[in-house]
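Numbers here are sequence positions counted from 1.
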Amino acid sequence: MQATHRSLDTHKGDDSNNKCSAAAAERNTRPILDMLQKQLPVRKGFMLEIASGTGQHAAAIALEFPELQIQPSEHPSVELNLMASIQAWTRECPNVLQPPLRIDCSQDVTQWGNGTSLRCDAVVCVNMTHISPWQSTVGLFHGASTILQKPHGTLIIYGPFTVDGKPTTDSNAAFDASLRGRNPEWGLRDVSDLDSLAQEVGLIRTGMIPMPANNFTLVYTHLCG
């Protein structure tokens, strides 16, 4: 099971419109949009967002890329108010599909689309891998490799990671320890382990982009040939 919150932040609610807000999303939205300007393989196509959280990122991406169809999603275990928040943030975005899908990445990809077959130009996942069991990350790669269009389909993963088995900063080391203290199935994942998963399913990392607050964006596409 993935975490029931996509952020460890307090989610501030607005009872007047069902919108919740996460401070992390407020901070990282602009850097993520700038990164997507360079890494999205298409401007007009279909993007699946895994672990949409409050819906802030989906709404911002929709405004930044008005010709991109965006399908938000969240884990089936999240509170109903978080699903309502995704809809509230994206309600006025004509290029966001409603309702958000309920996707458990640890399940087979045939269960991801509520009975429909997903075909995506991009799969974007922000701040999930470190606050969910390892099996969710395994499933993310297996699912993405199946639903991403060839040859251009791209998996984009944002968050904190270890590199060569080591945290990149003392603060990330402390963060990793605190996560594992909360839940032994959580914790920062190592880039090399994600690369190995990618190789197993026919993907290859084509980018590792430093982001603010000691985060990275990892970019994966189909192996050629």
Colleague: Between His130 and Phe175, does the ring centre distance come in under 6.0 Å?
Modeller: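 Close enough - the centres of the two rings lie under 6.0 Å apart.
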Colleague: List the residues meeting salt bridge (Lys or Arg N to Asp or Glu O under 4.0 Å) with Asp34, not counting sequence neighbours, and say none if there are none.
Modeller: Arg30
Colleague: Between the side chains of Asn214 and Thr168, is a donor N or O closer than 3.5 angstrom to an acceptor N or O?
Modeller: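 No donor-acceptor contact under 3.5 Å links the two side chains.
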Colleague: What residues, two or more places apart in sequence or in another chain, satisfy salt bridge (Lys or Arg N to Asp or Glu O under 4.0 Å) together with Asp195?
Modeller: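 Here the qualifying residues are Arg205.
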Colleague: Answer with yes or no whether the hydrophobic clustering places Met47 together with Leu63; edges join I, L, V, M, F, W, Y residues whose side-chain heavy atoms lie under 4.5 Å apart.
Modeller: no
Colleague: For a quick test of reading the model, state the closest non-hydrogen atom pair linking Val96 to Ala62 and the distance between them.
Modeller: CG2-CB, 3.5 Å
Colleague: Under the salt bridge (Lys or Arg N to Asp or Glu O under 4.0 Å) definition, can you give me all pairs with a residue in residues 157-167, not counting sequence neighbours?
Modeller: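 For residues 157-167: none.
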Colleague: Closest approach of Leu148 and His222, non-hydrogen atoms and distance?
Modeller: O-NE2, 3.1 Å
Colleague: Going by the rule salt bridge (Lys or Arg N to Asp or Glu O under 4.0 Å), which residues pair with Asp176 if we only count those two or more places apart in sequence or in a different chain?
Modeller: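 Scan of Asp176 (salt bridge (Lys or Arg N to Asp or Glu O under 4.0 Å), adjacent residues dropped) gives Arg180.
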Colleague: Would you name the heavy atoms of Ala22 and Gln56 that are closest together and state the gap between them?
Modeller: N-OE1, 2.8 Å
Colleague: Has the side chain of Trp89 got a donor or acceptor atom that lies under 3.5 Å from a matching backbone atom of Cys20?
Modeller: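 Here the side-chain-to-backbone pair exists.
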Colleague: Do Asn28 and His57 pair up side chain to side chain, a donor and an acceptor below 3.5 Å, judged on atom types alone?
Modeller: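 Indeed, the side chains of Asn28 and His57 share at least one donor-acceptor pair under 3.5 Å.
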Colleague: Determine whether the side chains of Tyr158 and Asn127 contain a donor N or O and an acceptor N or O closer than 3.5 Å.
Modeller: no
Colleague: Regarding Gln98 and Thr90, is there a side-chain donor-to-acceptor distance under 3.5 Å anywhere?
Modeller: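 Gln98 vs Thr90: donor-acceptor pair found between side chains.
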Colleague: Using modelled atom types and a 3.5 Å cut-off, is there a donor and acceptor pairing between side-chain atoms of Thr221 and backbone atoms of Thr154?
Modeller: no
Colleague: When the side chains of residues 37-45 are checked against the rest of the protein, which donor-acceptor pairs come out under 3.5 Å, sequence neighbours left out?
Modeller:
from  : atom 1 : to    : atom 2 : distance (Å)
Gln37 : NE2    : Glu64 : OE2    : 3.0
Arg43 : NH1    : Leu40 : O      : 3.4
Arg43 : NH2    : Gln37 : O      : 2.2

Colleague: Can you tell me if CD on Gln199 sees more than 12 non-hydrogen neighbours from other groups inside 6.0 Å?
Modeller: no
Colleague: Checking side chain to side chain contact (heavy atoms under 4.5 Å, CB included) for the pair Leu68/Phe46: CA distance, chi angles, key distance, verdict?
Modeller: CA-CA 6 Å; Leu68 188 68; Phe46 186 89; over 6 Å; no
Colleague: Of the non-hydrogen atoms in Leu194 and Phe161, which two are nearest, and what is the gap between them?
Modeller: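 Here Leu194 and Phe161 meet closest at CD2-CE2, 3.8 Å.
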Colleague: Could you list the residues that satisfy side chain to side chain donor-acceptor pair (under 3.5 Å) with Asn95, not counting sequence neighbours?
Modeller: none
Colleague: Of the non-hydrogen atoms in Tyr220 and Val191, which two are nearest, and what is the gap between them?
Modeller: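 Between these two residues, the closest heavy atoms are OH-O, 4.3 Å.
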Colleague: What pair of heavy atoms forms the shortest contact from Pro99 to Gln87, and how long is it?
Modeller: CB-NE2, 3.7 Å
